[in-house]
Amino acid sequence: MSASEPSPAWRLVGTDGDGEIAVVELDGAGAEISRAGVTSGGLIELARTHTDDVRWVWSDTARWYPPLLAAGARVRRVHDLRAVRAILRTAESVPESARLPTHAAWSAPAAWEEAPDSREALFEVETIAARDAPSDLASGHREFAAQLAALDAASGRLRLLAVAESTGALVAAEMRAAGLPWDVATHTRLLDETLGERVGGSRRHVDAAAAAVRTALDDPDVALDSPPRLLRALHRAGLAVSSTSKWELEDLDHPVVAPLLAYKRLMRLLTANGENWIATWVRGGRFRPVYVPSGVVTGRWASSGGGALQIPRSLRPAVRADPGWLLVSADVAQLEPRVLAGMSRDRAMARAAAGTDLYAGIVSTGVVTTRQEAKIAVLGAMYGATTGDSGRLVPRLRRAFPAAMRLVDDAAVAGEEGRVVSTWLGRTSPSAGSAFTRSQFEASLDETDAATEKQARRRARDRGRFTRNYVVQGTAAEWALCWLAETRRSLLALTAPGAEAAASGPAQSGAPHIAFFLHDEIIVHTPAELADQVAAIVTDAAARAGRLMFGEFPIDFPLDVRIAPDAGKP
DNA sequence: TGTGTTCGCGCG
DNA sequence: ACCGCGCGAACACA
């Protein structure tokens, strides 16, 4: 948010009264400097030639950016009105006086206001909001002015979040346009190795596992794909299980266990990522999912189509660079406890995180004796575990890292009491739903019964675990967004010192591009000769993200970086 | 025949 | 059992 300058600070694009595209240059305060109508070709030309630091403003990146990308044009910086509005509408750090006005066209439908505890309603609203974000100039200008005022009145951290969120929207569109390089031959080979070769309409190893299950159960007709019928078959065989789930079967000592688990594993791969998946989702050597930035309430990304965020690790070798290109794969170890240390300013925890292995660092403080115990304790602290090994170990963590634990414990109490919580940069959790509120009210009445009280306590605990995890998962998502944005910025600077290079799309110009992003992991597809520089950029971006988020507080974000033709892990 | 729910499992 | 997701298959029901 720069001060008023003679040159334009913002470039608002939208449609005019006739549905034609117009571009308005705005000064730092958001006041109009000039206005011009353009054709769609003219807009592309504008994006190609204007590689300055003027920030584009538009209603929705998913609406405006794909055509530019298809024409090989990219923009450097953007303010995405839809994405920023979603943050500002609920952010606690925006004072009441600066809250966004409810414009009919932007606001959520009544269904959402009335049923805030319905995940389905939320999904509907987000879908409608994305489709219906008004793209006309007048709405955009009015909305932008309101957002600038709200951001001015909010914290600097929320302004950082608005920028990071908008940049994330750019990356999501760019990743879809570029696609993830996917080698069908490798994928097919992995399927053949794991599932066995095709026999008729089936697979050899799948058939063998199914036959072994039927033998072990002495039941030639057992239905393996129907949980209820399989459960009855297990009961007939004398197995005392309440479900057919993997974790329950693992503990049993019975000859059916091994082949049944194998069958489940193979069938999962076949149905989720078999030939059908390849035929549906891979075209021209690229997997192109739709990424949905902030599709998760915590601010994490979601995806739509092809299960982009659930690609099994066993198929990672099918992510394969083009000839002459390489993949730089980087992920950060134990991201969530590291951001917890940063946001709680817990110096003891930061010291434990100083090496590359936070869990080993915790062991060396003496609070637990093994790495596995450290891991279970930390995950339990962030998820709100109360029972088992995890619940038993958490109190030790509370003594060793009081500041960190107080932060998550406070978040849990807030949730149990029906309050909202916010991430480090200021994304605020959804408010308690009507079912929660009604339940707590009914339990508070004099004539309440034990069942109602029990139900209310359970709902309170459930919401407490959600808000406890929200602050950590959401802040981790913010760190990752900063990392992504810093990586993108440096990659652009690496290959686009002049206007010409920036004018070309990534694949056409031979420039490195972000090909995949998954919570705490980035994959860059790059010409081989630039791979070392890209690895340095990704590493440096992680350090920058840490400073953007937590200033000089000494918390490390060490990366595992791998340069290879494929994205498999050795 | 189509629609919505539940289970189970992949990812972090 | 302790957070957040997407997706496919089976199934209940219209």
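Note that the coordinates shown come from a computational prediction; the quantities given were computed from them, not determined experimentally. Each chain gets a letter, A, B and so on, in the order its sequence line appears, and its residues count up from 1.
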Is there a side-chain polar atom (N or O) of A/Thr244 under 4.0 Å from OP1 or OP2 of B/dG8?
-> yes

A/Asp331 has an atom CG; how far is it from atom C1' of B/dC11, in whole Å?
-> 13 Å

Which is true for A/Arg465 with a 4.0 Å heavy-atom rule: it touches a base, it touches only sugar-phosphate, or it touches nothing?
-> sugar-phosphate

Whole-Å gap separating C1' (B/dG8) and CG (A/Leu234) = 14 Å

Give each protein N/O atom lying under 3.5 Å from an N/O atom of nucleotides 8-12 of chain C, with the pair distance.
unit_1	atom_1	unit_2	atom_2	d
C/dA10	O3'	A/Ser226	OG	3.3
C/dC11	OP1	A/Ser226	OG	2.4
C/dC11	OP1	A/Arg229	NE	3.3
C/dC11	OP2	A/Arg229	NH2	3.3

Can you tell me how far P of C/dA1 sits from CE of A/Met382, to the nearest Å?
-> 19 Å

Distance only, no hydrogens: is a donor on one side chain within 3.5 Å (strictly under) of an acceptor on the other, for A/Ser422 and A/Thr428?
-> yes

Under the 3.5 angstrom rule, does the side chain of A/Arg562 hit a backbone N or O of A/Val328 as a donor-acceptor pair?
-> no

In short, A/Leu180 meets A/Ala515 closest at the heavy-atom pair CD1-O, 3.6 Å

Just call it for A/Leu269: base, sugar-phosphate, or nothing, with non-hydrogen atoms closer than 4.0 Å on any strand.
-> nothing

Got A/Met382 and A/Arg468 here, is their nearest side-chain heavy-atom distance under 4.5 Å?
-> no

Of the listed nucleotides C/dA1, B/dC9, C/dC2, the one nearest the side chain of A/Trp247 | C/dA1

Counting side-chain heavy atoms from CB outward, which of B/dG8, C/dG4, C/dC2 is closest to A/Tyr383?
-> C/dC2

Test item: A/Val524 and A/Leu327 side chains (from C-beta on) under 4.5 Å apart, heavy atoms = no

Atom CG of A/Leu335 and atom P of C/dG4 are separated, to the nearest Å, by 18 Å

May I ask you to say what A/Gly295 touches in the nucleic acid, namely base, sugar-phosphate or nothing, with a heavy-atom cut-off under 4.0 Å?
-> nothing

Taking only N and O in the side chain of A/Thr386, is any of them less than 4.0 Å away from OP1 or OP2 of C/dA1?
-> no

Between atom CG in A/Leu315 and atom P in B/dC9, what is the gap in whole Å?
-> 18 Å

Please check the phosphate of B/dG10 (OP1 and OP2 only) for any side-chain N or O of A/Arg268 closer than 4.0 Å.
-> no

Using only side-chain N and O atoms of A/Lys264, determine if any of them is under 4.0 Å from OP1 or OP2 of B/dG10.
-> no

Less than 3.5 Å apart, which donor and acceptor atoms pair up between the side chains of residues 195-203 of chain A and the rest of the protein, not counting sequence neighbours?
unit_1	atom_1	unit_2	atom_2	d
A/Glu197	OE1	A/Arg204	NE	3.4
A/Glu197	OE2	A/Arg204	NE	3.1
A/Arg198	NH1	A/Glu275	OE2	2.5
A/Ser202	OG	A/Asp207	OD1	2.5
A/Ser202	OG	A/Asp207	OD2	3.3
A/Arg203	NH1	A/Asp192	OD1	2.7
A/Arg203	NH1	A/Gly196	O	2.9
A/Arg203	NH2	A/Glu275	OE2	2.6

d(CD1, A/Ile311; P, C/dG6) in whole Å | 15 Å

Should the pair A/Glu165-A/Arg427 be classified as a salt bridge under the 4.0 Å nitrogen-to-oxygen rule?
-> yes

Can you figure out which of C/dC2, C/dG4, B/dG8 approaches the side chain of A/Ser390 most closely?
-> C/dC2

Value in whole Å for how far the P atom of C/dG4 lies from CZ of A/Arg463 = 11 Å

Tell me what A/Gly391 touches on the nucleic acid: a base, only sugar-phosphate, or nothing, going by heavy atoms under 4.0 Å.
-> nothing

Considering residues, nucleotides and ligands other than A/Lys375, do more than 12 of their heavy atoms fall under 6.0 Å from its NZ?
-> no

Check the distance between B/dG8's P and A/Leu260's CG and give it to me in whole angstrom.
-> 11 Å

